[in-house]
Amino acid sequence: MKQMKSMASTRYAIEDHRKVMVWIGLVILVMWVLFGGDGMGTSYVMGAVETAEPIDHDLMPMDLHIESGMHPVVVIGLIVAGTFVLEDLACIAVGMLIARGEMHWLVGGVGCFIGIYLGDLLLWMLGRFGLKRFLNRPWVAKRMPMARLNRFGEWFDQRGWLAVVASRFIPGTRLPLYLAVGMFGKNPVRFFVWTLLAVMIWVPVILGLVSMFGARIVGPLEKILGVEWLALVAAALLLLFGLQVIERLFTQRGRLELWVRLSKIWQPEFWPPVVFYTPLVPYLVWLSLRYRGITVWTAGNPGIPNGGVVGESKHDILMKLARDMVVPSALLSKDELSMDRLQALMQERAWSYPLIVKPNCAQRGFGLKKVEDDHQARAYLSQARFDVLVQPYDVGPYECGVFYWRDPQTHKSRIFSVTDKRFPQVIGDGRRTVEQLIWQDPRLRMQANVFTTRYADSLNTVLAKNQTMMLAVAGNHCQGALFRNGSHLISPEMIRALDRAVAKFDGFNIGRFDIRYTDPASLRRGEKIRIVELNGVTSESTNIYDPGRSLFWSYRVLFAQWRLLYRIGAMCRAQGAKPIGVWSLLQLLRSYYRDRQINPISD
């Protein structure tokens with residue numbers, strides 16, 4: 001599927017002729033600067049490099065000489081090997097040596113050319129003699145859109161010269177394109193010629209740019225860092241970063257990707273967990289000291305194994321709730337994952353497709369799949385290596401997360417927060433593809449990798465005008481759902497309804513309900529509530545991911561949630577509940593994440 005996504009992205013990236021023309025213009029400009037112009041730039045002469053301004057070697061006190069006795073063939077071989085490891089970095093290093101006069105431009109250019117061209121041919125050979133045979137296996141062919149892949153090969157044969165040349169200048173397109181050409185291209189000779197042309201253009205451009213700017217970067221860095229080799233490494237990394245940025249600036253897709261990366265800096269909902277949760281650590285240390293226990297919070301739900309830290313059975317928890325308020329579910333153990341067992345279960349319970357199938361112990365929606373027929377169900381069960389929870393698909397159409405708690409001593413309950421979930425979708429206009437609609441939407445592009453991976457086979461589909469396509473089924477932020485603070489949905493009637501749901505669940509005190517409901521008014525009245533699942537002590541008050549709230553507000557909610565967890569855990573401990581030990585907790589987490597074999601991208 002990842003390969004399909006990359007192929008579709010490649011076609012989307014290179015079909016805009018204007019992008020290619022911009023790059024061709026840039027090539028012409030660079031070639032003019034290198035070999036023409038009025039004394040500008042760099043002109044190559046046999047055996048040395050002359051510049052308009054001689055290089056001041058005092059600014060580049062690097063002792064990086066290639067031994068004069070080393071045969072040029074050996075040097076070329078080393079360069080070729082370097083391009084196989086890190087192509088761009090190898091070219092940058094060669095360009096800096098040429099600029100210093102420590103390597104003949106012909107030796108460096110030939111080495112880079114041979115290494116890059118051979119690398120491109122190897123990618124083609126991998127597609128032709130490796131992946132193509134792999135795709136011919138029956139169990140793979142059933143899961144791959146072979147007809148569409150063949151159409152991609154035909155499209156390449158018609159317009160391949162543009163694809164090959166452009167992919168050399170558009171980041172992220174060369175690998176999937178060359179593999180696809182190897183698998184489905186009809187004319188390898190034309191590929192060899194076009195690739196040769198692209199490399200002949202690419203190598204002088206890279207070496208020329210590095211030769212021009214390398215010395216200007218290394219000198220100041222050496223003065224700042226004070227170490228020769230460190231300045232060289234820093235300069236190479238800066239040039240590599242600059243090259244990648246420049247490449248992306250010349251395509252609309254590249255500019256959008258750069259903007260997404262920058263935007264995530266000031267949008268906390270997309271921060272990596274290690275960054276977002278770091279400010280919480282000192283507060284957890286203080287809470288641990290105050291309540292005399294690092295893991296006291298794990299005692300908050302004595303009725304759930306380890307309080308519901310990780311790995312608890314979703315099915316067992318649902319069986320302890322009021323049956324009329326729960327979406328019906330059944331458990332298929334990993335030893336009975338067969339279509340016969342599933343069909344018997346459906347017949348016994350009068351269920352029909354679509355169904356929701358997911359791991360019985362997963363988190364954050366990992367591995368959740370909406371299956372529409374026997375074919376999809378059989379494919380899921382054949383790949384599962386875990387207990388599978390099966391539920392009829394609840395049409396909703398709304399879903400929310402309700403963080404609920406009750407005092408272990410007084411049994412008085414409250415709703416800490418409600419998260420109103422919005423499912424992502426695209427609306428067609430009859431012109432743009434699904435992939436274009438995703439990338440051109442300011443919100444959807446922030447998680448474009450999730451959506452393009454999930455719908456790799458549909459990226460080139462053009463939706464009719466006003467046609468809607470849902471992009472997510474799982475109500476999880478990491479799966480693409482938008483979270484909003486839903487405090488306006490809280491009501492005394494909803495609290496009483498949830499009290500009834502857990503009335504016979506001894507040992508449950510705090511956690512989050514994931515609820516499907518028909519309309520907001522019914523939810524506030526506590527009516528027509530269908531509980532999808534209930535999570536324990538590690539469930540979050542997910543309204544902290546509301547993009548309309550400030551970072552300070554999110555941290556205030558997060559700190560209050562953990563303060564509540566520690567307080568409830570301490571009360572349960574006083575009643576005889578035992579928290580899990582620190583070492584046991586670490587082993588539990590390690591075991592769960594080590595053994596989890598689930599696709600992180602769900603439906």
For a 4.5 angstrom cut-off between non-hydrogen side-chain atoms, does Arg530 reach Gln391? no
Ser591 side chain to Gln587 main-chain N or O, any donor-acceptor pair under 3.5 Å? no
Closest non-hydrogen atom pair between Met470 and Tyr455, with its separation: O-OH, 3.1 Å
Expected output: side-chain Asn476 to main-chain Cys478 donor-acceptor under 3.5 Å: no
Under a 4.5 Å cut-off applied to non-hydrogen side-chain atoms, are Lys358 and Glu533 in contact? yes
Phe403 vs Gln561 side-chain heavy atoms within contact, under 4.5 Å: yes
Other residues, nucleotides, ligands: >12 heavy atoms within 6.0 Å of Trp266 CH2: yes
Just checking, any donor-acceptor pair under 3.5 angstrom between side chains of Asn485 and Ser487? yes
Hey, is CD1 on Ile294 packed in by over 12 heavy atoms from elsewhere, all under 6.0 Å? no
How close do Gln267 and Trp271 get, heavy atom to heavy atom, and via which atoms? O-CD1, 3.5 Å
Which atom of Thr542 lies closest to which atom of Thr419, heavy atoms considered: OG1-OG1, 2.8 Å
Closer than 3.5 angstrom, by distance alone: can the side chain of Thr538 be matched with the main-chain N or O of Gly308 as a donor-acceptor pair? yes
Decide, yes or no, whether a salt bridge links Arg341 with Asp335 under the criterion of side-chain N to carboxylate O below 4.0 Å. no
Main-chain N/O of Pro408 paired to Gln575 side chain as donor or acceptor, under 3.5 Å: yes
Just so I know, are the side chains of Phe483 and Glu269 near enough to count as touching, which here means a heavy-atom distance under 4.5 Å? no
Are any of the side-chain nitrogens in Lys421 or Asp514 under 4.0 Å away from the carboxylate oxygens of its partner? yes
Can we call the ring centroids of Phe276 and Phe270 under 6.0 Å apart? no
Leu523 vs Val418 side-chain heavy atoms within contact, under 4.5 Å: no
Looking at His477, is its backbone amide N or carbonyl O close enough to the side chain of Gln447 to form a donor-acceptor pair, meaning the two atoms are under 3.5 Å apart? yes
Verify the distance criterion only: is there a donor paired with an acceptor across the side chains of Asn360 and Ser313 at less than 3.5 Å? yes
Taking CZ in Arg261 as the centre, count heavy atoms belonging to other residues, nucleotides or ligands within less than 6.0 Å. Is the count above 12? no
Do Leu342 and Val357 have side-chain heavy atoms sitting under 4.5 Å apart? no
Taking C-beta and beyond as the side chain, do Asp499 and Tyr404 meet within less than 4.5 Å on heavy atoms? yes
Side-chain heavy-atom pair Leu534, Phe505 within 4.5 angstrom cut-off: yes
Test item: Thr295 side-chain N/O and Pro579 main-chain N/O as donor-acceptor pair under 3.5 Å: no
Is the NZ atom of Lys264 crowded by more than 12 outside heavy atoms at less than 6.0 Å? yes
Option from Asn509, Val537, Asn301 for which side-chain contact (heavy atoms from CB on, under 4.5 Å) with Ile568 holds: Asn509
Parallel, tilted or perpendicular, as decided by the 30° and 60° cut-offs, for the rings of Phe513 and Phe508: perpendicular
Determine yes or no for a side-chain-to-main-chain donor-acceptor pair under 3.5 angstrom, with Arg385 supplying the side chain and Ser382 the backbone. yes
Any side-chain to backbone donor/acceptor pair from Arg349 onto Ser329? Under 3.5 Å, distance only. yes
Please check this pair: side chain of Ser539 against backbone of Gly536, looking for a donor-acceptor N/O pair closer than 3.5 Å. yes
Any sub-3.5 Å donor-acceptor pair from Arg454's side-chain atoms to Leu471's backbone N or O? yes
Mind checking whether Tyr555 and Phe559 have parallel, tilted or perpendicular rings, split at 30° and 60°? perpendicular
For residues Asp420 and Tyr398, is any side-chain donor paired with an opposing acceptor at under 3.5 Å? no
